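Read through the structure below, which is laid out as structure tokens, and then see the notes.
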Amino acid sequence: MSQTSLSRGNYKPITEYVTTLRGEEFQDMDVDKVWRIVRVALAECFGTAMFVAIGCSSLVAFPDAPANNALHTVLAFAFAVTLSITTFGHISGSFINPSLALSALIVGKISLPMFVVYTLSECLGAYMGLSALKAISPEGSIGEGFCLSVPSASLTVSQVLSAEALLTFCLCMLFCSIIDPANNDKQDSVPLKFGASVIALAVAGGKYTGCSMNPARSFGPALQAGIWSNHWVYWLGPLTGALFAGLFHRMILRENPHQKKPTQATKFSETAEA
């Protein structure tokens, strides 16, 4: 293979990806660029605040009302995701989750500086949402360790880490598929797709780890309570799952725009029929 073919075939995607990672958002700053970044940051902050406040509100204990069960909490978080995406999705994508932001970074949808903006905004939003919920709740209805992500005592640390990574991998695979250009014509029901997926994953994984899949969601309650026991697991596990999901989709599943498309004679369907 000649040097020319290498530069055209293999190196071009790499240089394009490096350019995407570097980003242009913070270069040659002007008022329009600053405002776009602020809008994204505010959308992620308030979207995550909405998500955490609504989801955690299902755990508030009122003395004159029956307690919610685990399914109520799952539904509250799932529909909060749907609400946030519908409200802020057109501004920032409404990731409301550093894990999704990491997958978006890996597949080339956002730059590294914007990944930092997304993550910081989401962590701040999670704390704001929980603070707002605490402010409107009756005194004594929110106890110590309220809405913390807590793993099952029956699991080892490695099992908790693996469970969070696997659950987040599934969520991020859905995310990568939705933002894939091949699915541009299938965007109408995205909020419902995410909400339904959160229900499935939370029902399956809740008893293992609480099914956080979201470092920001775990960070807000931990900061509010000042309890950091096993908190690192809820960063490392989800981000590991997001990393593998992004790499798998980018390297295996996504169509390579620089690769020649198969001819009519070599289509899979016709090969299978033969």
Side-chain angles (χ1 to χ4, degrees), residues 1 5-23 78 81-82 85 89-90 92-112 114-115 118-119 161-202 204-205 211-215 235-274:
M1 183 179 291
S5 63
L6 277 172
S7 62
R8 290 179 181 175
N10 295 335
Y11 293 163
K12 187 176 180 181
I14 296 176
T15 56
E16 287 180 353
Y17 183 55
V18 171
T19 301
T20 302
L21 279 179
R22 189 181 301 117
V81 169
T82 300
I85 295 175
H90 64 290
S92 64
S94 193
F95 298 170
I96 60 173
N97 185 341
S99 300
L100 299 188
L102 178 58
S103 288
L105 172 69
I106 293 170
V107 300
K109 286 294 183 180
I110 63 173
S111 65
L112 184 58
M114 288 307 297
F115 168 74
Y118 271 83
T119 300
L161 190 67
S162 299
E164 276 294 313
L166 178 60
L167 293 165
T168 310
F169 176 86
C170 295
L171 183 67
C172 290
M173 284 299 297
L174 169 69
F175 171 75
C176 290
S177 297
I178 287 175
I179 65 174
D180 192 311
N183 279 325
N184 283 344
D185 60 339
K186 305 179 182 67
Q187 300 296 313
D188 290 344
S189 58
V190 166
L192 293 178
K193 291 175 182 176
F194 264 99
S197 300
V198 168
I199 292 174
L201 292 169
C211 194
S212 171
M213 305 182 291
N214 186 337
W235 280 87
L236 183 59
L239 292 181
T240 300
L243 174 67
F244 279 102
L247 290 174
F248 182 67
H249 189 272
R250 180 179 180 87
M251 300 175 66
I252 305 298
L253 299 184
R254 191 175 68 175
E255 181 180 354
N256 185 353
H258 302 282
Q259 185 178 6
K260 291 183 178 180
K261 293 183 179 181
T263 62
Q264 187 72 16
T266 58
K267 284 186 176 179
F268 176 78
S269 58
E270 295 184 3
T271 304
E273 290 174 359

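Please read all numbers here as calculations on a predicted model, not as lab measurements. Just so you know, these numbers use all the heavy atoms, side chains as well, and skip hydrogens, waters and symmetry mates.
Interatomic distance, L102 CG to T168 OG1, rounded to the nearest 0.5 Å: 10.5 Å. Atom CZ of F115 sits about 8.5 Å away from atom CD1 of I106, to the nearest 0.5 Å. If you take CG on L253 and CG on L247, they are separated by 11.5 Å, rounding to the nearest 0.5 Å. The CG atom of L161 sits 11.5 Å away from the CG atom of L166 when rounded to the nearest 0.5 Å. Rounded to the nearest 0.5 angstrom, M114 CE and K109 NZ are separated by 14.5 Å. L167 CG to C211 SG: the interatomic distance, rounded to the nearest 0.5 Å, is 4.5 Å.
Under the 4.5 Å side-chain criterion, counting only non-hydrogen atoms from C-beta, L243 is not in contact with S103. Proximity of L105 to S111: side-chain heavy atoms (C-beta onward) are nowhere separated by under 4.5 Å. In this structure the side chain of L201 reaches within 4.5 angstrom of the side chain of C170, judged on heavy atoms. Side-chain contact between S212 and E164: present, with at least one pair of heavy atoms (C-beta onward) separated by less than 4.5 Å.
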### Task
Please lay out, stage by stage, how Y118 and N97 fare under the test side-chain contact (heavy atoms from CB on, under 4.5 Å).
CA-CA 8 Å; Y118 271 83; N97 185 341; over 6 Å; no

### Message
Between F194 and L100, does the side-chain contact (heavy atoms from CB on, under 4.5 Å) criterion hold? Intermediate values first, please.
### Response
CA-CA 12 Å; F194 264 99; L100 299 188; 4.1 Å; yes

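In terms of heavy atoms, A101 sits closest to I110 at O-CD1, 3.4 Å. Across every non-hydrogen atom of P191 and I85, the tightest pair is CG-CG2, 3.8 Å. For the residue pair M213 and S99, the shortest heavy atom distance occurs at O-OG, 3.5 Å.
Formation of a donor-acceptor pair under 3.5 Å by the T119 side chain with backbone atoms of P98 is not found in this model. Remark: side-chain polar atoms of D180 are not paired, donor with acceptor, to backbone N or O of R254 under 3.5 angstrom.
The aromatic rings of F169 and F248 are tilted relative to each other, their planes meeting at an angle between 30° and 60°.
Of the candidates L192, N214, V198, V81 forms a side chain to side chain contact (heavy atoms under 4.5 Å, CB included) with just one, namely V198.
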